[in-house]
There are 2 protein chains.
Amino acid sequence: MNTQALSKTYRPLLEKAALKTTKPRLLVLDTLTKSKIPLTAQEIHSQLSKSKIDQATVYRNLQSLTDAKIIRLVNFQHDHNHYEVANNHHHHAICESCGKVVDISKCDLSQLEKNVKSISGFSTINQHSLEFFGLCTKCAKKSAQ
Amino acid sequence: MNTQALSKTYRPLLEKAALKTTKPRLLVLDTLTKSKIPLTAQEIHSQLSKSKIDQATVYRNLQSLTDAKIIRLVNFQHDHNHYEVANNHHHHAICESCGKVVDISKCDLSQLEKNVKSISGFSTINQHSLEFFGLCTKCAKKSAQ
DNA sequence: ACGGTAATGCAAACCACTTGCATTTCTAAT
DNA sequence: ATTAGAAATGCAAGTGGTTTGCATTACCGT
């Protein structure tokens, strides 16, 4: 997809956040949008190697897009931060052996959030992060051997 | 508390994991045990500055203790890894403004975990990570001004 | 088209974390 | 107790992901 098409798609979103519609920003955002799993800065950068986007630019865009809540930081038990587009809230099951990631779409923590508010005294809970760690079928078989 | 007392306290736990009962290891483990909130490697190291424990040793012990499941990696939306002792499973509410951490002890995700298994196809779920992000009372007031 | 501002690219700097290696400390078996 | 082997430590150097400074470029409202 060329830059013009991307621009058409994402400009409204970026405008709302007062972010300029630049080619590198469009590419970063589009990469995350198309990905089925959360990505690290480096993964994004290497996927965009043909486009000659600078590493620093990728990092800066991940920051600005996160600030704008267009994308979101996901907590994997990993050193490197992973990002995903912020709409379409869901969680993940992560294989501790091979790193496979499966989306878990069901999420009803409304009751739990109420408890959290009363326990913590926090007036607002803006977001939560919930990830499950275990073994995928393949790795479970392997480790059984 | 001196090393001998610490040794008495933690030796059984370490023995079970086939880890040697060394002074640096005892100090790292004790620091985490005494802390009300999860700590980073650097926080632990600076708390132990009097004891002249090397940074590398702190990192290596966090690794070995995590492998042994005596401590656990906690996912804050932060770059640096935080650790807590693994028993006494609970979650956290984290203020996005000041970083305040409140323990949330209530946690019943058993039903959710069943769903996760069936959706993901994972045969085993070993652990999960659940954190809430919002504003503590103080910061909510400040931002209201 | 133009001017101001945000964003980019490049290179250098930073800093958390890791690694290699010689030395020390455990621990279990003698 | 002694000792031998393995694990752990300290130190220093290395690594690599992320950030920053700065000059240049691209965006966008006027």
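For Ser120(A), there are no side-chain hydrogen bond (donor to acceptor under 3.5 Å, both in side chains) partners, not counting sequence neighbours. By the side-chain contact (heavy atoms from CB on, under 4.5 Å) test, Gln42(A) is found to be paired with Thr40(A), Gln55(A), Tyr59(A), residues two or more places apart in sequence or in another chain being considered. The side-chain hydrogen bond (donor to acceptor under 3.5 Å, both in side chains) test applied to Asn126(B) returns Glu96(A), not counting sequence neighbours. Contacts of Ser129(A) classified as side-chain hydrogen bond (donor to acceptor under 3.5 Å, both in side chains), with partners at least two apart in sequence or in another chain: Asn75(A). Under the rule for a side-chain hydrogen bond (donor to acceptor under 3.5 Å, both in side chains), Thr57(B) has no partner lying at least two apart in sequence or in another chain. When the side-chain contact (heavy atoms from CB on, under 4.5 Å) test is applied to Thr21(A), the partners found at least two apart in sequence or on another chain are Ser7(A), Arg11(A), Leu14(A), Leu26(A). In this structure, the side-chain contact (heavy atoms from CB on, under 4.5 Å) partners of Lys20(A), at least two apart in sequence or on a different chain, are Thr22(A), Arg25(A).
A heavy atom closer than 4.0 Å to some atom of DNA chain C occurs in no member of residues 38-46 of chain A. The stretch residues 47-63 of chain B touches DNA chain C through Ala56(B), Tyr59(B), Arg60(B), each having a heavy atom within less than 4.0 Å of the strand.
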Side chain to side chain contact (heavy atoms under 4.5 Å, CB included) assessment of His92(A) paired with Val74(A): CA-CA 9 Å; His92(A) 306 94; Val74(A) 177; 3.9 Å; yes

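The distance from atom CG of Leu65(A) to atom P of dA7(C) is 10 Å, rounded to the nearest whole Å. Computed from coordinates, the His80(B) NE2 to dG17(D) P distance equals 16 Å when rounded to whole Å. dA8(D) atom C1' lies 15 Å from atom CG of Asp67(B), rounded to whole Å.
The terminal axes of the helix from dA1(C)-dT30(D) to dT30(C)-dA1(D), fitted over 5 pairs per end, subtend an angle of 50° to the nearest 10°.
Going from atom CG of Asp30(A) over to atom CG of Leu6(A) covers 4.5 Å, rounded to the nearest 0.5 Å.
No donor-acceptor distance shorter than 3.5 angstrom exists from the side chain of Ser49(A) to the backbone of His45(A), with no hydrogens or angles considered. Looking at Ser35(B), its side chain does come within 3.5 Å of a backbone N or O of Ile37(B) through a donor-acceptor pair. Judged by distance alone, the side chain of Thr33(B) and the main-chain N or O of Leu29(B) form a donor-acceptor pair under 3.5 Å.
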Footprint string (nucleotides 25-30 of chain C, 5' to 3'): B base within contact, S backbone only, - free, heavy atoms under 4.0 Å: -BS---

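Pairs passing the salt bridge (Lys or Arg N to Asp or Glu O under 4.0 Å) check and including a residue from residues 55-73 of chain A, sequence neighbours excluded, read Arg72(A)-Glu84(A).
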